2 protein chains.
Amino acid sequence: MSQPAPEPGLDANFRLAMRRLAATVSIVTCKDGDGRHGITATAIASVCLEPPTVLVCINARTRLYTKIAERHRFCINLLKTCHIELSRQFGSRDLAAGRFTTGDWTELDDFVYLRDAQANLFCSLQKVVEVGTHGIFIAAVERLGVASEIDPLIYQDGRYVTAQDTLR
Amino acid sequence: MSQPAPEPGLDANFRLAMRRLAATVSIVTCKDGDGRHGITATAIASVCLEPPTVLVCINARTRLYTKIAERHRFCINLLKTCHIELSRQFGSRDLAAGRFTTGDWTELDDFVYLRDAQANLFCSLQKVVEVGTHGIFIAAVERLGVASEIDPLIYQDGRYVTAQDTLR
């Protein structure tokens, strides 16, 4: 098979393409002796149902990357549309100091989680696959919290949107 | 650290939680001497920008799993809202025979792709991580097609939706 050379402008076009990949916004959290840690993430996928397994991609330069790699326990909190400000706060380095000062955060065993999230996935790390600047954290879901309401906060084309149920 | 026992009903609750994870719908395709192969997929994530890398989770019982593992080249076609019927066709085992008979499919080198998709990611497989019933296919993006329109087909709570730009 021929190996096509990478296109000129590949990086810029990849960013453009990824703006078209609408994704649910979550805040990934963990806690340790230093306190609570968390970041906003959209690169999350359901891997398989048996056993319940998810993955999340995290930048290796974040503190959370190191903390999860050490602690092995973390929570994925799927956000609702009312959580835009929380998402901004956990997504901005400038607002890092204020994280966990607003929002309905509470603790359970080794976890810190957002009580009014759409869902809380309490995860046990199984494996980290390092790829370029990021790690793929593959985790078993040990416990779950699920709200009755289905109202995901979605990120698309650099902005927050919600779902509109007009398709058949 | 204590290891909490898995909750009763964990599997059922995991399915409920995953219904809250709205995701863009894609059709993943590859071709070989036997012809064209493809399935609908929603477990797709951007891994990192440098180098451009994506992942897709694929059930090990599908033919596509074997084909991509053999060929190493595949295309992720991000669907638009007009592609609902295509998504159903590539997502149903019953409709497998009719795949590629409708839709604007064409070929380029080792790839078969959907010309009017939101974006086409022409991928070169780097690694497969096997987890339970599925494999995580991690791939470098070698080439890209990007449409000007941003109009992702989104799957949420077992149905197709589109984005509504009402949030600030």
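Predicted model, so just to flag it, every value in this text is computed and none were measured. Here is how names work: the chains are called A, B, and so on, in the same order as the sequence lines, proteins then strands, and each is numbered from 1.
Using a 4.5 Å cut-off between heavy atoms, B/V129 touches chain A through its side chain atoms alone. The parts of B/Q118 that come within reach of chain A are both its backbone and its side chain, each placing non-hydrogen atoms under 4.5 angstrom from that chain. Heavy-atom distances place the backbone of B/A23, and not its side chain, under 4.5 Å from chain A. Contact of B/I136 with chain A is made through the side chain alone, with heavy-atom distances under 4.5 Å. Heavy atoms of B/K127 lying under 4.5 Å from chain A belong exclusively to its side chain. Only the backbone of B/E149 comes within less than 4.5 Å of a heavy atom of chain A; no side-chain atom from C-beta onward does. In this structure, the portion of B/L78 lying under 4.5 Å from any heavy atom of chain A is its side chain and not its backbone. In this structure, chain A has a heavy atom under 4.5 Å from the side chain of B/I154, while its backbone stays farther away. Residue contact with chain A, scored on non-hydrogen atoms closer than 4.5 Å, involves the side chain of B/C57 exclusively. Both the backbone and the side chain of B/I44 have a heavy atom closer than 4.5 Å to some heavy atom of chain A. There is no contact between B/A140 and chain A, counting heavy-atom distances below 4.5 Å.
By number of non-hydrogen pairs under 4.5 angstrom with chain B, the leading residue of A/V146, A/T81, A/V47, A/I58 is A/V47.
Side-chain N or O atoms of A/R20 include none that pairs as donor or acceptor with a backbone N or O of B/T24 at under 3.5 Å.
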**Prompt:** How far apart are the C-alpha atoms of B/F14 and A/V54, what are their side-chain angles, what is the distance that settles it, and do they pass the side chain to side chain contact (heavy atoms under 4.5 Å, CB included) test?
**Reply:** CA-CA 10 Å; B/F14 185 63; A/V54 291; 3.7 Å; yes
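Using a 4.5 Å heavy-atom threshold, the side chains of A/M18 and B/L121 count as touching. The shortest distance between side-chain heavy atoms of A/L55 and B/L55 falls below 4.5 Å.
Crowding of A/R63 atom CZ: a count of heavy atoms from other residues, nucleotides or ligands under 6.0 Å not exceeding 12.
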